[in-house]
2 protein chains.
Amino acid sequence: MTTTSINIRLTHKSYLREPESTELGRRIISESVRLIDELGFEQFTFKKLAAEIGSTEASVYRYFENKHKLLVYLVSWYWAWLDYSVTLRVQNIDNPRERLIRAILAITTAAQEDDPTVDYIDERMLYRIVLAESTKVYHTKEVDSENQDGYFMEFKNLCDRMARMTLAINPAYPYPHALMSTVLEAAHQQMFFARHLPSLTEICEAQHLREENTTFLKHLVFSAIEPQEANLTT
Amino acid sequence: MTTTSINIRLTHKSYLREPESTELGRRIISESVRLIDELGFEQFTFKKLAAEIGSTEASVYRYFENKHKLLVYLVSWYWAWLDYSVTLRVQNIDNPRERLIRAILAITTAAQEDDPTVDYIDERMLYRIVLAESTKVYHTKEVDSENQDGYFMEFKNLCDRMARMTLAINPAYPYPHALMSTVLEAAHQQMFFARHLPSLTEICEAQHLREENTTFLKHLVFSAIEPQEANLTT
DNA sequence: ACTTTTATGATAGCTTTACTATTACATATA
DNA sequence: TATATGTAATAGTAAAGCTATCATAAAAGT
């Protein structure tokens with residue numbers, strides 16, 4: 001049996017002990033994804049998590065200092081994984097417009113693929129967590145010191161990769177990073193709005209949810225960076 | 001002495017007792033704005049607030065069920081106030097492009113004006129709270145029931161007002177609400193990124209922060225809705 | 001003027017969350 | 001065999017997040 005073992009590596013240490021390296025660590029990750037998706041981050045506690053995996057609160061604390069750092073780990077893992085997915089989908093493609101189109105498609109659909117990258121992480125559940133909880137990782141009073149510790153590198157890397165793709169199309173566009181941080185956040189927001197606050201968007205749960213989101217974002221990006229030839233069917 | 005008494009009215013009841021109607025209620029509002037700005041929402045508690053205003057925890061609980069509902073109140077007040085500011089700035093303007101330009105300018109600069117709309121709310125502090133904490137009001141497990149209770153009406157109203165302005169320019173644009181919810185969120189995100197995660201944006205604290213943000217957003221909006229004639233100096 | 005309602009304050013208490021210190025146990029190594 | 005070393009279980013503590021009760025003062029109704 002040949003399984004391609006892909007290892008998503010994080011550049012920072014939001015954990016105390018590496019969770020991938022032990023059985024308990026992996027169960028902490030997979031069960032916390034399940035529990036946060038089920039309860040929401042506010043109702044999620046290490047006590048409930050420990051009960052779920054048949055371990056103790058103290059043991060969980062050996063892997064993560066607190067639940068905020070666990071969320072940082074999960075969200076960072078997602079961005080690193082998405083960055084990897086984007087890289088895969090654009091490799092061997094030379095046309096800069098085609099590259100950017102594929103990258104946007106990766107962002108809106110990567111989490112819907114059937115076979116998981118690592119067996120103990122359910123990417124669809126993690127995607128739902130990112131939709132609902134990811135902005136909480138940087139909306140804290142500790143944002144500056146956590147930024148210094150490299151906690152947001154994975155998101156910045158992806159943003160920068162996308163920004164460089166836009167510059168390959170139009171080197172004169174003055175706001176590539178601003179555009180791409182906006183698009184990355186909007187890709188998630190619109191999905192969340194479609195589900196919970198539908199009057200904030202035309203993207204609709206009932207019909208072609210992800211396709212509509214992709215079309216909206218592609219149009220937004222391409223009309224911003226190449227105003228002359230933008231159209232809705234690119 | 002003639003003071004124009006403007007009353008920002010909320011359409012929902014996130015409070016138990018109306019805070020504007022009593023001295024203690026107004027002190028709860030003004031001091032919670034100060035404290036949340038100082039400590040961040042996570043570190044903010046009703047006990048600390050009560051100590052600050054020389055009252056008791058139990059008294060604060062008579063006005064708001066919990067700190068989350070207080071945040072809903074503050075953020076809703078901000079959106080209602082911004083909606084009002086936008087309305088003021090576009091009144092008597094007939095040209096649809098000029099109207100949208102003024103609306104975007106209102107969103108990026110309204111909180112910087114010197115004279116406050118109501119004397120017990122510091123709009124600049126409240127603006128900083130909205131930058132850092134506003135998405136927490138809807139990123140909860142209770143989002144659907146709170147939506148039913150009308151907790152997000154103020155944001156939806158503003159989003160819809162802006163969407164109608166875009167339709168006045170281009171009735172064929174298919175995503176007016178999606179575009180405007182994206183822009184409203186981006187206007188705040190970019191300011192937050194400029195301060196805390198500067199590698200995610202070209203908008204820079206050092207120089208013409210708000211002007212750059214306005215330019216970025218205007219270009220984004222106008223190139224999306226009128227692709228042919230978009231340019232960076234509109 | 002007198003009663004009743006309403007608003008606030010003071011005190012106490014309760015449950016849960018978030019986290020830590022200590023000890024026990026198992027395994028690996030010298 | 002002795003001794004590190006990693007891992008888990010027990011038992012706590014402090015603070016957060018509420019609630020209940022009673023006293024008192026001001027406001028409102030009759």
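Chain naming here is simple, since letters A, B, ... match the order of the sequence lines and numbering starts at 1 in each.
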Can B:Glu31 and B:Arg27 be counted as an ion pair, charged N to O under 4.0 angstrom? no
Give a yes/no on whether any side-chain N or O of A:Thr56 is located under 4.0 angstrom from OP1 or OP2 of D:dA11. no
Among D:dT7, C:dG9, C:dT8, which is the nearest nucleotide to the side chain of B:Arg17? C:dT8
Tell me: CG of B:Leu24 to P of D:dA26, nearest whole Å? 15 Å
With under 30° as parallel and over 60° as perpendicular, where do the rings of B:Trp81 and B:Tyr78 fit, or are they tilted in between? tilted
If the cut-off is 4.0 Å, is B:Ser55 near the phosphate of C:dG9, judged by side-chain N/O to OP1 or OP2? yes
With B:Lys67 as the cation and B:Phe41 as the aromatic partner, state whether NZ or CZ is under 6.0 Å from the six-membered ring centre and within 45° of the axis. yes
For nucleotides 13-25 of chain D, just jot down a letter per nucleotide in 5' to 3' order: B, S or -, based on protein non-hydrogen atoms under 4.0 Å. ---SBBBB-----
Please work out which of the three classes, parallel, tilted or perpendicular, describes the rings of B:Tyr138 and A:Phe192, given edges at 30° and 60°. tilted
Ring centroid separation for A:Phe216 and B:Tyr175, is it under 6.0 angstrom? yes
Do B:Lys69 and B:Tyr151 have side chains that get closer than 4.5 Å, going by heavy atoms? yes
I need the residues from residues 30-39 of chain B with at least one non-hydrogen atom less than 4.0 Å from DNA chain C; give them sorted by number, or say none. none
For a quick check of understanding: with a heavy-atom distance under 4.0 Å over all strands, which category does B:Tyr63 fall into, base, sugar-phosphate or nothing? sugar-phosphate
In whole angstroms, the gap separating C1' of C:dG9 from CD of B:Glu23 amounts to 16 Å
Whole Å only: how far is the CG atom of A:Leu49 from the P atom of C:dT16? 19 Å
Non-hydrogen side-chain atoms of A:Gln190 and B:Ser181 separated by less than 4.5 Å: yes
If you take the centroid of each ring, where Trp contributes its six-membered ring, are A:His188 and A:Trp79 closer together than 6.0 Å? yes
Quick one: B:Arg27 CZ to C:dT8 C1', roughly how many Å, whole number? 13 Å
Within the structure provided, determine whether A:Phe155 and B:Leu197 are in side-chain contact (heavy-atom separation under 4.5 Å). no
Measure from CG on A:Leu16 to P on D:dG6 and round the result to the nearest Å. 14 Å
